[in-house]
Protein chains: 2
Amino acid sequence: MTAQKDIRMKARAEIFKALGHPARLAMVVALGDGELCVCELQEIVGSDMSTVSKHLTVLRHAGLVDADKRGKQMFYALRLRCAVEFLHCVDRALEERSQS
Amino acid sequence: MTAQKDIRMKARAEIFKALGHPARLAMVVALGDGELCVCELQEIVGSDMSTVSKHLTVLRHAGLVDADKRGKQMFYALRLRCAVEFLHCVDRALEERSQS
DNA sequence: GGGTCATTTGGTCAAGTGGCAAAATATACG
DNA sequence: CGTATATTTTGCCACTTGACCAAATGACCC
């Protein structure tokens, strides 16, 4: 793998890595229906808020979500919408597998 | 997160985790053009063959690729083709980011 | 069977990740 | 200003991951 190609692959892999955790994936799915604040996301995933916040940092760093502070609350919104479409394809594959 | 939803998210996350490594991603991209044997994949990613083999185990376990032994060689083929499409969307997002 | 080639498996080690709890920061409100 | 609320940061620990080497497996060839 050339150095340039490796850098490219690393950048791409960062996005997949960010999506490679159940809690982060659940948050991305939830954000597919519109922006949510951290406290709402915490209820969805059910872990400590500090943990949720760290996960959100990962998603933000990967460019998957945008953050917007309004008052005391921080609202997160999904940026890479095609992730939701890909999830549908993933779900179809998982269903096929569970049937066979 | 309910227990059932958690299981579902874990299954989905496994697929993203499998794609969340530069070498594995490079292999998936290469396999997008047709099946390849381990030795060919090794040339593409450039690491030790045992390392490549372990990465392939991860991809196979996640259901992303199929393995087929013919003679001395093991051929791998891409199973989840929509991964390639999603990568195009990811690339567009990465380009937008690098421009701004 | 013995030799060789392609691949996988097991061992070991350094580095990275995830989770919780406590402390820090930021913002509104009286 | 002091207090309450929402979120982030830091520290620490257990666990997982990825890389390489060496050894094992499996398939072909003589």
Side-chain angles (χ1 to χ4, degrees), chain A residues 1 3 5-7 9-28 30-31 35-77, chain B residues 1 3 5-7 9-28 30-31 35-77:
Chain A
M1 203 150 43
K5 191 177 157 195
D6 189 46
I7 289 171
M9 288 298 171
K10 268 185 192 152
R12 289 160 147 181
E14 274 311 307
I15 293 189
F16 285 100
K17 247 196 277 188
L19 291 167
H21 188 285
R24 290 196 292 264
L25 210 40
M27 291 196 278
V28 165
L31 291 172
E35 65 171 19
L36 295 167
C37 68
V38 180
C39 54
E40 287 168 314
L41 289 164
Q42 189 203 354
E43 280 190 15
I44 289 169
V45 305
S47 1
D48 193 281
M49 183 175 283
S50 70
T51 301
V52 171
S53 178
K54 269 191 193 170
H55 282 312
L56 286 167
T57 304
V58 173
L59 290 175
R60 195 151 28 86
H61 209 90
L64 285 162
V65 302
D66 276 328
D68 177 31
K69 186 154 198 172
R70 292 204 293 279
K72 281 186 278 194
Q73 298 181 72
M74 184 73 97
F75 288 90
Y76 282 86
Chain B
M1 207 153 37
K5 190 177 158 195
D6 189 46
I7 289 170
M9 288 298 170
K10 269 185 192 151
R12 289 160 147 182
E14 275 310 308
I15 293 189
F16 285 100
K17 247 196 276 188
L19 291 167
H21 187 285
R24 290 196 292 265
L25 211 40
M27 293 196 277
V28 165
L31 291 172
E35 66 171 17
L36 294 168
C37 68
V38 181
C39 54
E40 287 168 315
L41 290 164
Q42 189 203 355
E43 279 190 16
I44 290 168
V45 305
S47 0
D48 194 280
M49 183 175 281
S50 70
T51 303
V52 171
S53 176
K54 275 186 188 165
H55 281 313
L56 286 166
T57 303
V58 173
L59 289 175
R60 194 151 30 86
H61 209 91
L64 286 162
V65 301
D66 276 329
D68 177 30
K69 187 154 195 172
R70 292 205 292 278
K72 281 188 277 194
Q73 296 181 72
M74 185 72 97
F75 288 89
Y76 282 87

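No experiment lies behind these values; they were computed from the predicted model shown.
In terms of phosphate contacts, B/His21 brings no side-chain nitrogen or oxygen within less than 4.0 Å of OP1 or OP2 of D/dT16. Between D/dA19 and B/His55, a contact under 4.0 Å exists linking OP1 or OP2 to a side-chain N or O. OP1 and OP2 of D/dA19 both lie 4.0 Å or more from every side-chain N or O belonging to B/Thr51.
Checking C/dG18, D/dA6, D/dA27 against every side-chain atom of B/Lys69, the shortest atom distance belongs to D/dA27. Nearest nucleotide to the side chain of A/Gln73, out of D/dT8, D/dA6, C/dT9: D/dA6. Checking D/dC21, D/dT7, C/dA6 against every side-chain atom of B/Lys72, the shortest atom distance belongs to C/dA6.
From B/Leu41, atom CG reaches atom CG of B/Leu56 across 5.5 Å, with rounding to the nearest 0.5 Å. The distance from atom SG of A/Cys37 to atom CD of A/Gln42, rounded to the nearest 0.5 Å, is 9.5 Å. Going from atom CG of A/Leu36 over to atom CD of A/Glu43 covers 10.5 Å, rounded to the nearest 0.5 Å.
When the P atom of D/dA6 is taken as reference, atom CD of A/Glu35 falls 17 Å away, rounded to whole Å. With rounding to whole Å, B/Leu19 atom CG is found 12 Å from D/dG18 atom P. Distance A/Gln42 CD to C/dC20 P: 11 Å, rounded to the nearest Å. Separating the CG atom of B/Asp48 from the C1' atom of C/dA6 is a distance of 13 Å, rounded to the nearest angstrom. With rounding to whole Å, B/Met74 atom CE is found 15 Å from D/dC28 atom C1'. Atoms NE2 (A/His61) and C1' (D/dT9) sit 15 Å apart, rounded to a whole Å. For the pair B/Leu36 CG and C/dA6 P, the interatomic distance rounds to 16 Å; values are reported in whole Å. Atom pair A/Asp68:CG and D/dA6:C1' shows a separation of 15 Å (rounding to whole Å applied).
In this structure a side-chain-to-backbone donor-acceptor pair under 3.5 Å is present from A/Arg24 to A/Ala18.
Within the nucleic acid shown, A/Tyr76 comes within 4.0 Å of sugar-phosphate atoms alone, with no base atom in reach, counting heavy atoms only. Within 4.0 Å (heavy atoms only), A/Met49 reaches at least one base atom of the nucleic acid. Looking at heavy-atom distances under 4.0 Å, B/Arg24 makes contact with sugar-phosphate atoms alone, never a base.
Closest-nucleotide positions on DNA chain D for A/Phe75 and A/Lys54 were compared, and the one nearer the 5' end corresponds to A/Phe75.
With hydrogens and angles ignored, no donor-acceptor pair under 3.5 angstrom links the side chain of B/Ser50 to the base of D/dA19. Side-chain N/O atoms of A/Lys17 and base N/O atoms of D/dG18 include no donor-acceptor pair closer than 3.5 Å. Residue side chain B/Ser47 does not reach the base of D/dC20 through any donor-acceptor N/O pair under 3.5 Å, judged by distance alone.
Judged by a 6.0 Å distance limit and a 45° cone about the ring axis, A/Arg70 is positioned over the six-membered ring of A/Phe75.
The one candidate from B/His55, B/Glu40, B/His21 that meets the side-chain contact (heavy atoms from CB on, under 4.5 Å) condition with B/Met27 is B/His55.
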